[in-house]
Amino acid sequence: MSDLESRTRYNPAEVEPRIAKKWLESGIFHPLPEGDAAGNYSIAIPPPNVTGVLHMGHAFQDSIMDTLIRYHRMRGTRSKWIVGTDHAGIATQTQVERQLAQEGTTREQLGRERFEQRVWEWRQEHGGTIIEQLKRLGASCDYAEERFTLDEAYAKAVVKVFVALHEKGYIYRDRYMVNWDPGTGSAISDLEVEQREVTDTLYYVDYPLASGTGAITVATVRPETMLADTAIAVNPEDERYRRLIGETAVLPLVGRKLRIIADEYVRPDFGTGALKITPAHDPNDFEIGRRHGLAQPQVIGEDGCLTSEAPARFAGMAVDEAQRAVIAELREQGLIARTEPYVHDVPFSQRSGQRIEPLISLQWFMGMRELARPAIEAVTSERIRFHPVNHTRVYLDWMENIRPWCISRQLWWGHRLPVWYRGVETYVGSRPPRGEGWRQDPDVLDTWFSSALWPFVTLGWPDETPELRAFYPTDVLVTARDIVFLWVARMIMMGLEFTGQIPFSDVYVHSIIQAPDGRRMSKSLGTGIDPLDLIEGGPRPPVFAAGGKPAGEFPAYGADALRWGLLAMSSGQDVKFSEDKIAQGQQLTNKLWNAARLILLGVGGEDSPARAAAIPTAPEDRWILSRLQRARAEVHSRIEGYDFSHAALALYDFIYGELCDWYLELIKPRLRDGEPDLAATLLYVLTETVALAHPLIPFETEEIYGHIPGAVGLLAGRVSDPTTPVDEQAEAEIGNVIVAVQTLRAWRDTAGVKAGAVVPAKLEAAGYDTTTEHLARLGRLSFANGGGGSEIVATIPIPGGAVEILAGDGFDAAAAQEKLRQRRAKLEAEIERAERKLANERFVAKAPPDVVQAERDKLARVRTELDSL
RNA sequence: GGGCGCGUAGCUCAGUGGGAGAGCGCUCGCUUCACACGCGAGAGGUCGCUGGUUCGAGCCCAGCCGUGCCCACCA
């Protein structure tokens, strides 16, 4: 216990690694797969990228999940936090390719097999980083069963799912318009595309009519795609063009004849009302082309260069180069009628940051309509509930308009498609059919395909394992809203399709933590911070230096302070990161540490195990047990309602504002007297306080618990759900003392009474029979018994009456008088207001009776107080 | 274009019908024997604007202003 004596500051740097080690060795985090999911509690972690390092979003999300898991574990529910990492196709491949580039080589030079091996080696080396960081944060995951989305068992499950969905006809191959990402050289899904505002030039280009009677002018921002035009479309209702429908125009630079067609899609009020149709390079034109049976010549290839279908002089040019060349020729021929700057949204790849090149490609798709139906029903029937609820609508809107998912990726790192080709034959299965010459599809699956199976494949599916029975369905999915569609929706669909059960019953969508300047936290913007720098101390980036905080270093706040601060920051909204909240967490841990010191050192080393003293008689003891019970109820219900900021603040208010500010101050004299019943109560209160706080600030509470005489095992594994009586009478008695002491302190301050001076006084108030000594000590008064004769120099109203100050040490009588005068004025104003309100007939008639009664009570109370002055 | 949210003390944010709150910052006072990275006491808000509903509005409704995010195939 020596560190308790010597350390007046809580020292997380020393405590946390030591406690983490104890937890990991204890096996508490690894529940046996017994019972069923209905009786157990489980959460599947959103698997971080295997390449990743912990960022603030993880720290936040993991603090929430750990709070839930620890809370349920301590309530005696078998609780499992499924943990692992995601192979993260594009992200990981990009990282390793970057490394190869530094070595002066490329994946192509290495070849597929050796490249994949390199990635595995890379994973071996760096894949454990984020898991170690989770441990440092105190996350009580089941590390004994860490999963990886490319593990052998996982891969088997992925193949099984692919084959099954193919057999049902949901997975199919098609030549279709896809989002081609020139940066990664792969198709990507709609969800990986983001719109960015771009200023382009809108070119008005004249297409001469074949009849030689003039020209039709079209507007385009992508003149280079005109080389693949196959028609011009106008709105059938557009009077200006009606006579031209069915005629032909001549495609400049190419000479191809273009039919002028009518299509409702064309908006007469935009541009010239005539639209050039390029089925191979624009999603809308693709649809229009299909409707009208147009050819789909492709002039831009997957390499981002013009193909041989473009006129020879353009073939091989990069897209932007081709654009310049096309414009130059059009100008030469006088075919550009005019240009104007044009601001619009353009698709970019979230992966590579490059502008998406829409083109037609042969890819594998997954039809989602059938899978979406039960996933919609699961939410409308409230078998799955979103928190906050307004995400429900967003989910349903997206699901009801769901579109096919392009699942093939032209990458090497990932689950390779279980598809085999020989000539014109295609076979789908885990292994190639008998016979020579079968070649596997080179593509891999979108990473989210395997992620969608996470909650059940991690538990052993497709085998019927005890783990699956014990922990599936999981209870809650904790995530940010940016992957609700990408991941959550797909897990619901896949879970229902393959297990027949919802994968989780609740989805908690938490806030996104932004940098203090309101931008998103991002390493590349310089707006991110490493949570470890807050835990252990580290550089404070300039963006975080604002608000009085100097540039330089973060102090070592410790994991508990970080966790508490993050929870306190959480809300339904996005929130700006607040270092002050972390500091508040540190303040709390320090306060709790010193409260523990006072108690543990105060009760002596004697072996007095914590017990609720029979039924304590001292009002302050009954008060703290009552307040503890209320705090317990409050914190528990906040956790269960996914309201973590209020849980954190309720805990803070109890520890700081009740336990430390009042209870410990009230019992100090008794503590010095070494009263045994008090020791028992103190140890009980301390034990239950650290138990209540443990899910939020696990390290320190575990450390303190270890110092409590008679404490058994680890707090993290302690199961207890005690209740202590709520005691209204004690709450009233001590509540009055608190108000009275605060009033007296305020009076002393303004009256200029020396802070340390004990002032002679007389108590003229009811309700302090059992608490007179408390009032005297904390109010620094000495109550003269009987006597009298002394002059009353001030009267201080307190609940139930007043304290009369007798002539004592010199103080500012004028200031005291002024204080009293102010109080009187305030009381008179309140009386006036209450009287006016009660005189209002409509108020008395229409307001609820209890409100009216409360107003009457208040008026009576205030009148009494005024009279006593 | 559609949808969702936000605008409360200098800063970051609580507060969904009955007399405005927290943390930080600021001011004043305290080396009180758990904690001076502490303790005590204060100052500081026309609750974005306008109108409405109500006995009563920061809270409900409408409009406006400002601001953020999500979805969406108008060249």
Side-chain angles (χ1 to χ4, degrees), chain A residues 4 7-10 177 190 195 202-203 218-222 225 233 265-267 269-278 282-288 342 344-345 347 358 388 390-391 393-394 397-398 401 481-482 484-485 512 514 516 518 520 546-549 555 565 568-569 571-581 583-584 586-587 590-602 645-646 649 652-653 657 660-661 664-665 668 671-672 741-742 745-750 752 754-756 780 830 833-834 837 840-848 850-852 854-855 858:
Chain A
L4 262 187
R7 287 211 174 271
T8 61
R9 300 290 306 172
Y10 172 59
M177 176 68 57
D190 296 342
Q195 305 292 326
L202 190 59
Y203 296 91
V218 301
T220 178
V221 290
R222 301 224 33 208
T225 64
Y265 169 80
V266 182
R267 298 194 40 169
D269 56 342
F270 189 89
T272 61
L275 177 63
K276 73 187 213 44
I277 303 300
T278 320
D282 182 279
N284 302 311
D285 295 7
F286 179 77
E287 297 296 337
I288 294 170
Y342 181 58
H344 64 150
D345 285 341
N390 55 337
H391 290 280
R393 190 69 252 158
V394 182
D397 284 347
W398 188 76
N401 296 299
R481 76 176 115 64
D482 51 354
V484 167
F485 304 144
I512 290 174
Q514 303 167 329
R520 68 191 183 87
K549 297 284 186 301
M569 263 178 247
S571 94
Q573 299 296 125
D574 288 351
V575 291
K576 294 193 183 86
F577 177 81
S578 158
E579 188 180 340
D580 286 343
K581 278 282 188 292
Q584 196 182 346
Q586 185 193 33
Q587 211 185 18
N590 198 56
K591 198 71 175 172
L592 182 57
W593 177 253
N594 278 293
R597 289 180 68 225
L598 175 69
I599 293 172
L600 293 170
L601 299 173
S645 63
H646 286 101
L649 289 169
Y652 181 95
D653 288 343
C660 294
D661 284 354
L664 294 182
E665 293 302 328
K668 272 179 181 174
L671 185 63
R672 281 192 281 270
V741 168
Q742 285 171 334
R745 283 172 177 166
W747 172 81
R748 294 174 70 103
D749 215 50
T750 47
K754 281 237 181 301
R780 296 192 176 259
E830 282 187 19
R833 207 172 306 140
K837 211 164 179 181
N840 182 342
E841 282 170 29
R842 286 181 303 181
F843 170 73
V844 179
K846 294 195 176 181
D850 54 321
V851 172
V852 178
E855 202 61 37
K858 178 186 286 174

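Throughout, a chain's letter reflects where its sequence line sits, starting with A, and its residues are numbered from 1. Below, all heavy atoms of this structure are taken into account, side chains as well, without hydrogens, waters or symmetry copies. These figures come from a predicted structure and were not determined experimentally.
- A straight line from CZ of A/Arg222 to P of B/C74 spans 15 Å, rounded to a whole angstrom.
- When the P atom of B/C73 is taken as reference, atom CE of A/Met177 falls 13 Å away, rounded to whole Å.
- When rounded to the nearest whole Å, the span between OH of A/Tyr652 and C1' of B/A22 equals 9 Å.
- Of the inter-residue distances, the one linking A/Lys276 atom NZ with A/Thr225 atom OG1 reads 3.0 Å to the nearest 0.5 angstrom.
- For A/Asn594 (side chain) and A/Thr8 (main-chain N/O), a donor-acceptor pair under 3.5 Å exists by modelled atom type.
- Residue contacts shown for A/Val851 include a base, since a base heavy atom lies under 4.0 Å away.
- For A/Asn284 and B/A72, the CG to P distance is 13 Å, given to the nearest whole Å.
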Just the atom pairs and distances: protein N or O near nucleotides 32-36 of chain B's N or O, under 3.5 Å.
| residue | atom | partner | partner atom | Å |
| --- | --- | --- | --- | --- |
| B/A34 | OP1 | A/Lys668 | NZ | 3.4 |
| B/A34 | O2' | A/Asn594 | OD1 | 2.6 |
| B/A34 | O2' | A/Arg597 | NH1 | 2.7 |
| B/A34 | N7 | A/Lys668 | NZ | 3.1 |
| B/A34 | N6 | A/Cys660 | O | 3.2 |
| B/A34 | N6 | A/Glu665 | OE2 | 3.0 |
| B/A34 | N3 | A/Asn594 | O | 3.1 |
| B/A34 | N3 | A/Ala595 | N | 3.3 |
| B/C35 | O4' | A/Asn594 | OD1 | 3.0 |
| B/C35 | O4' | A/Asn594 | ND2 | 3.4 |
| B/C35 | O2' | A/Asn590 | ND2 | 3.4 |
| B/C35 | O2 | A/Lys591 | NZ | 3.3 |
| B/C35 | N3 | A/Lys591 | NZ | 2.8 |

Give every pair of a protein N or O atom and an N or O atom of nucleotides 12-14 of chain B that lie under 3.5 Å apart, one pair per line with the distance.
| residue | atom | partner | partner atom | Å |
| --- | --- | --- | --- | --- |
| B/C13 | OP1 | A/Lys576 | N | 3.2 |
| B/A14 | OP1 | A/Ser571 | OG | 3.2 |
| B/A14 | O2' | A/His646 | NE2 | 2.8 |

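- As judged by a 4.0 angstrom heavy-atom cut-off over every strand, A/Glu830 is placed among the base-contacting residues.
- Across all strands, A/Lys858 comes closer than 4.0 Å to base atoms (heavy-atom distances).
- Between the CG atom of A/Asn390 and the C1' atom of B/G5 there is a distance of 8 Å, rounded to whole Å.
- In this structure, the CG atom of A/Asp580 is 8 Å from the P atom of B/C24, given to the nearest Å.
- Taking side-chain N and O atoms only, A/His391 has no distance below 4.0 Å to OP1 or OP2 of B/C4.
- Annotation: of the two residues near RNA chain B, A/Asp190 and A/Gly273, the 5′-most nearest-nucleotide partner is A/Asp190.
- Taking all atoms of both residues into account, the shortest heavy-atom contact from A/Val221 to A/Leu202 is CG1-CD1, 3.7 Å.
- Scanning both residues, A/Val575 and A/Met569, for their nearest heavy atoms gives CG1-O, 3.3 Å.
- With hydrogens and angles ignored, a donor-acceptor pair under 3.5 angstrom links the side chain of A/Arg267 to the base of B/C74.
- Under 3.5 Å, the side chain of A/Asp345 and the base of B/A72 form at least one donor-acceptor pair of N or O atoms.
- Between the CG atom of A/Asp269 and the P atom of B/G1 there is a distance of 12 Å, given to the nearest Å.
- Here the closest heavy-atom approach between residue A/Ala568 and residue A/Lys581 is recorded as CB-CD, 3.7 Å.
- With rounding to whole Å, A/Arg481 atom CZ is found 18 Å from B/G3 atom P.
- Within the 4.0 Å cut-off from OP1 or OP2 of B/C73, not a single side-chain nitrogen or oxygen of A/Gln195 is found.
- B/U32 is unpaired under the Watson-Crick or G-U wobble criterion, no partner having all donor-acceptor distances under 3.5 Å.
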